[in-house]
Amino acid sequence: MPRTPMPEREGRLRALDFEEVNLGYTDQLAILEATRCLQCARPVCVDGCPVGVKINDFVAAVADGRFDEAGRIVATDNSLPAVCGRVCPQEIQCEGACVMGRRSSPIAIGHLERFVADRARGRGGEQAPATAPSGWSVAIVGSGPAGLACAADLSRLGHDVTVYEALHEAGGVLVYGIPEYRLPTAVVEAEVGRLEEMGVVFELNAPIGRAESIDDLLDRHDAVFIGIGAGLPRFLEVPGEHLVGVQSANEFLTRVNLMGANRSDAETPVLVGKRVAVIGGGNTALDAVRTALRAGADSATVYYRRTEDEMPARREEIRHAREEGVHFEFLLNPVGFGGSERVETMELVRMRQTEPGDDGRRSVEPIEGSEVAVPVDTVVVAVGNAPNPMLSGTPDLTMSRRGTIVTDEVGMTDKPGVFAGGDIVTGGATVILAMGAGRRAAQGIDAFLRSGALVEID
Amino acid sequence: MEGVYRILSAEIIGPDVKRFEVQAPRVARYWKPGQFVILRAIEDGERIPLTVVEADPEFGVIVLIVQGVGKTTRTLNSLSEGDMIPDVAGPLGSPSDIEMFGTVAVIGGGVGTAIAYPTARALAEAGNRVVTIVGARTSDLLILVDELEAVADTVIVTTDDGTAGRAGFVTDALADVIAERRVDRVIAIGPLPMMAAVSALTLPHEIPTVVSLNPIMVDGTGMCGGCRVSVSGETKFACVDGPEFDAHGVDFELLAARNSSYCEFERRRLAEMGEK
Ligand SMILES: Cc1cc2nc3c(=O)[nH]c(=O)nc-3n(C[C@H](O)[C@H](O)[C@H](O)COP(=O)(O)OP(=O)(O)OC[C@H]3O[C@@H](n4cnc5c(N)ncnc54)[C@H](O)[C@@H]3O)c2cc1C
Ligand SMILES: Cc1cc2nc3c(=O)[nH]c(=O)nc-3n(C[C@H](O)[C@H](O)[C@H](O)COP(=O)(O)OP(=O)(O)OC[C@H]3O[C@@H](n4cnc5c(N)ncnc54)[C@H](O)[C@@H]3O)c2cc1C
Ligand code: SF4
Ligand code: SF4
Ligand code: FES
């Protein structure tokens with residue numbers, strides 16, 4: 001039996017708006033897909049999931065039509081299942097491990113996870129059992145998946161939680177980066193709303209480090225979790241990159257996703273133009289290029305310096321982008337931009353693959369004299385993000401040379417009582433890893449508070 | 001603590017220029033001279049940067065001075081006492097360098113005078129001899145002269161048309177000051193051409209010169225890179241590395257070009273606003 005396809009909106013049509021591309025399984029489709037699962041004695045799929053969701057168990061529950069129970073099983077390991085079901089790179093995680101992948105195609109674990117999470121959300125979500133207040137208070141800095149997951153667990157453990165967020169909306173990359181057609185803002189809003197109901201306080205417009213320091217927070221709270229992400233956009237550092245029309249993916253996506261620049265009555269502008277070139281090969285590049293088409297570009301092309309096989313983006317995004325009319329150019333690397341004030345051309349050099357190195361990985365090198373120029377109206381640079389530098393001056397907080405915060409296994413930094421997790425610790429990674437780090441730190445913070453270590457510090 | 005940003009007073013202090021006192025306890029408490037906020041004038045509005053001119057940490061109040069140049073600043077200037085501002089994020093940016101330099105010339109052009117005022121005051125408090133030069137096209141556009149008189153040792157007013165103070169540009173006045181006495185540091189804040197002219201003037205005299213740059217910003221946290229400027233050949237993000245930079249390294253032409261990125265859109269929005 002083949003994998004049950006996800007109902008999707010037609011490619012060309014959906015490329016005209018920001019409505020969600022995947023429509024979600026119906027009850028019947030979910031049961032159909034769940035019954036394909038072999039219920040392996042040794043469910044290797046679980047090993048493939050970074051947070052160990054009991055996939056075999058929840059899929060069995062779906063197959064039986066026990067959807068609420070399926071939701072509860074997922075929720076024990078994953079506090080953002082509606083998000084992860086949509087954006088996890090399943091092909092290299094749970095689904096990549098699933099034994100069915102060797103016979104035909106893996107169980108659509110992500111689609112099923114999304115299904116049970118959406119259903120639970122429709123009913124108002126899982127009700128957390130009330131815990132006696134511990135009397136301790138914890139500050140969370142940053143409201144991305146790491147911060148949200150940490151806040152949820154700490155609140156469940158009875159602690160008083162305040163989330164400090166620099167922007168005017170909570171959610172981190174989930175609201176300003178990942179577009180609406182892939183992850184509706186309503187999904188994230190529901191998650192934030194649920195935390196507010198649990199008593200978590202959100203203080204928006206609060207850039208910690210410029211406003212209160214971490215030490216100021218420690219005066220008011222008993223512990224701090226830092227989940228400020230890797231939001232600092234890298235540029236190519238090539239001539240002409242300052243020209244008008246060359247922008248980072250963060251800027252382009254933030255203008256559209258957070259500020260609504262695509263709407264006709266928008267207050268915030270965005271430069272799109274007719275011919276859009278996007279540089280990079282990850283999810284960010286694909287989000288930018290598909291957003292560009294939706295925001296009115298005539299043609300939108302991804303330029304990636306390696307080959308399609310090496311693209312770090314989710315496979316589903318690459319397929320969706322193609323269906324929507326995105327062009328792909330591989331083994332080309334920008335070396336400069338031309339134009340007077342506004343960017344008009346992009347110069348690229350052709351790349352060739354080298355022989356595999358010791359790590360088995362092929363690298364690429366430029367082919368001399370192979371430069372070409374292409375006409376462009378706008379360029380979106382999506383070549384990665386570095387750790388957010390806003391807290392880099394914090395005393396006693398050890399940072400790596402790359403600018404990430406150094407922690408132990410449970411997420412504690414060298415500054416007692418201060419924990420960190422997510423992209424600020426790992427560098428740009430994934431939603432599920434950030435969520436897992438937030439949850440691990442919540443356990444670490446709980447143990448720290450109950451250990452009495454706090455008294456020694458005070 | 002936060003979330004309510006009420007306008008406590010709004011006063012017209014010049015043509016299209018308004019002074020606001022806004023309730024913003026977090027900003028008021030942690031602000032240092034040279035830092036700014038990013039606010040939205042209405043829900044769904046654009047995020048724009050505005051310098052904090054003064055702050056009262058005790059009462060949680062900040063002072064903003066706004067020149068209505070486009071849709072958002074004009075919308076803001078249409079608000080009055082008791083109105084709410086949906087978001088005021090901050091403080092943002094690196095504070096001004098406040099040290100004992102000796103004699104410092106602080107130059108404010110147009111609404112840049114508002115931005116220069118807190119720095120001038122802090123420099124005076126740090127023991128510097130502060131010479132301020134305030135420039136405007138015409139006398140009606142002069143702001144904060146009395147306030148500056150109260151903190152600076154000398155205040156020189158210039159107007160392009162000679163309707164107040166001496167006729168001419170701030171650079172003429174600065175050239176005279178430099179000829180008369182030793183100047184250890186120059187701070188210039190105002191329109192780009194003015195800052196570029198001051199920078200060109202002080203370069204041959206080797207006087208350390210600081211300008212406060214005003215690129216287009218979105219988040220103000222170093223996340224978008226839209227505010228990037230070129231200083232001594234290096235890319236800097238004005239919202240976190242600045243907004244103040246060594247004037248002699250700044251590529252002013254590039255910044256002027258980047259600030260015109262959205263001019264078509266801005267004109268259209270303003271025209272629509274006028275029709276309503
Ligand atoms: C465009 C894009 C697409 C992506 N697509 C995918 C995908 O499909 N699948 C996937 O798994 N991963 C994806 N990722 C990666 C994933 O989004 C990140 O790994 C994840 O969001 C990291 O979570 P985080 O909580 O560590 O930080 P973030 O989500 O970055 O959140 C950090 C938050 O902290 C706030 N903040 C920063 N500094 C301060 C401060 N000083 N004070 C207060 N608040 C502060 C920020 O404003 C932000 O809200 C994508 C990333 C991008 C940019
Ligand atoms: C760090 C910083 C501090 C600032 N402090 C103040 C302040 O205290 N008081 C004040 O009145 N203004 C200040 N500004 C400028 C203010 O942010 C802009 O005037 C505002 O963003 C314009 O928005 P708008 O929608 O009203 O006009 P728009 O429609 O966006 O633009 C109208 C006109 O203003 C120009 N413009 C656009 N953006 C800027 C900008 N960032 N700076 C200068 N000109 C611009 C445009 O080219 C156009 O000619 C500051 C800017 C920065 C970066
Ligand atoms: S959280 Fe991600 S990796 Fe884990 S089961 Fe769900 S979709 Fe798969
Ligand atoms: S590996 Fe695949 S088939 Fe086996 S239990 Fe997991 S999801 Fe089911
Ligand atoms: S305003 Fe976005 S990085 Fe400075």
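Because the structure is predicted, anything quoted here is derived from the model rather than measured. Sequence lines set the chain letters: A, B, ... in the order given, protein chains first and strands last, and positions in each chain run from 1.
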Region of [X] that comes under 4.5 Å of a non-hydrogen atom in chain A:
X: B:I38; result: neither
X: B:S260; result: side chain
X: B:V240; result: both
X: B:I42; result: side chain
X: B:E253; result: neither
X: B:R47; result: both
X: B:R269; result: side chain

Should [X] and [Y] count as an ion pair when the cut-off is N to O under 4.0 Å?
X: A:E251; Y: A:R255; value: yes
X: A:R220; Y: A:E212; value: yes
X: B:D87; Y: B:R40; value: yes

| field | Greater than 12 external heavy atoms within 6.0 Å of A:R263's CZ | value | yes
| message | Assess, by modelled atom type and distance only, whether the side chains of A:T185 and A:E180 contain a donor and an acceptor separated by less than 3.5 Å. | response | yes
| Side-chain donor-acceptor pair present, A:D287, A:T284, cut-off under 3.5 Å | no
| task | Report yes or no: does A:N257 contribute a side-chain atom to a donor-acceptor pair with the main-chain N or O of A:Y176 at less than 3.5 Å? | result | yes
Where on [X] is there a heavy atom nearer than 4.5 Å to chain B: the side chain, the backbone, both, or neither?
X: A:V270; result: backbone
X: A:A266; result: backbone
X: A:L253; result: neither
X: A:N385; result: neither
X: A:F252; result: neither
X: A:F202; result: neither

| field | Derivation and outcome, salt bridge (charged side-chain N to carboxylate O under 4.0 Å, His left out), residues B:R228 and A:E241 | value | CA-CA 10 Å; B:R228 64 192 189 277; A:E241 206 167 13; over 6 Å; no
| query | Looking at B:D219, B:T72, B:T235, which has the largest count of heavy-atom pairs under 4.5 Å with chain A? | reply | B:T235
| message | Below 4.5 Å, heavy-atom pairs only: which of B:G45, B:A89, B:P95, B:S230 has the largest tally toward chain A? | response | B:A89
| said: If you apply the rule side chain to side chain contact (heavy atoms under 4.5 Å, CB included), what do you find for B:E272 with B:K71, and how did you get there? | reply: CA-CA 9 Å; B:E272 284 165 12; B:K71 174 90 194 276; 5.8 Å; no
| Should A:V192 and A:L195 be marked as a side chain to side chain contact (heavy atoms under 4.5 Å, CB included) after you check the CA-CA gap, both sets of side-chain angles, and the distance that decides it? | CA-CA 5 Å; A:V192 172; A:L195 291 179; 5.7 Å; no
| message | Counting heavy-atom pairs closer than 4.5 Å to chain B, which one of A:G245, A:P207, A:S213, A:G229 comes out on top? | response | A:P207
| remark: Of the listed A:P233, A:A230, A:S248, the one with the largest count of heavy-atom pairs under 4.5 Å with chain B is A:P233
| Are B:E81 and B:E21 side-chain neighbours, meaning at least one heavy-atom pair lies under 4.5 Å? | no
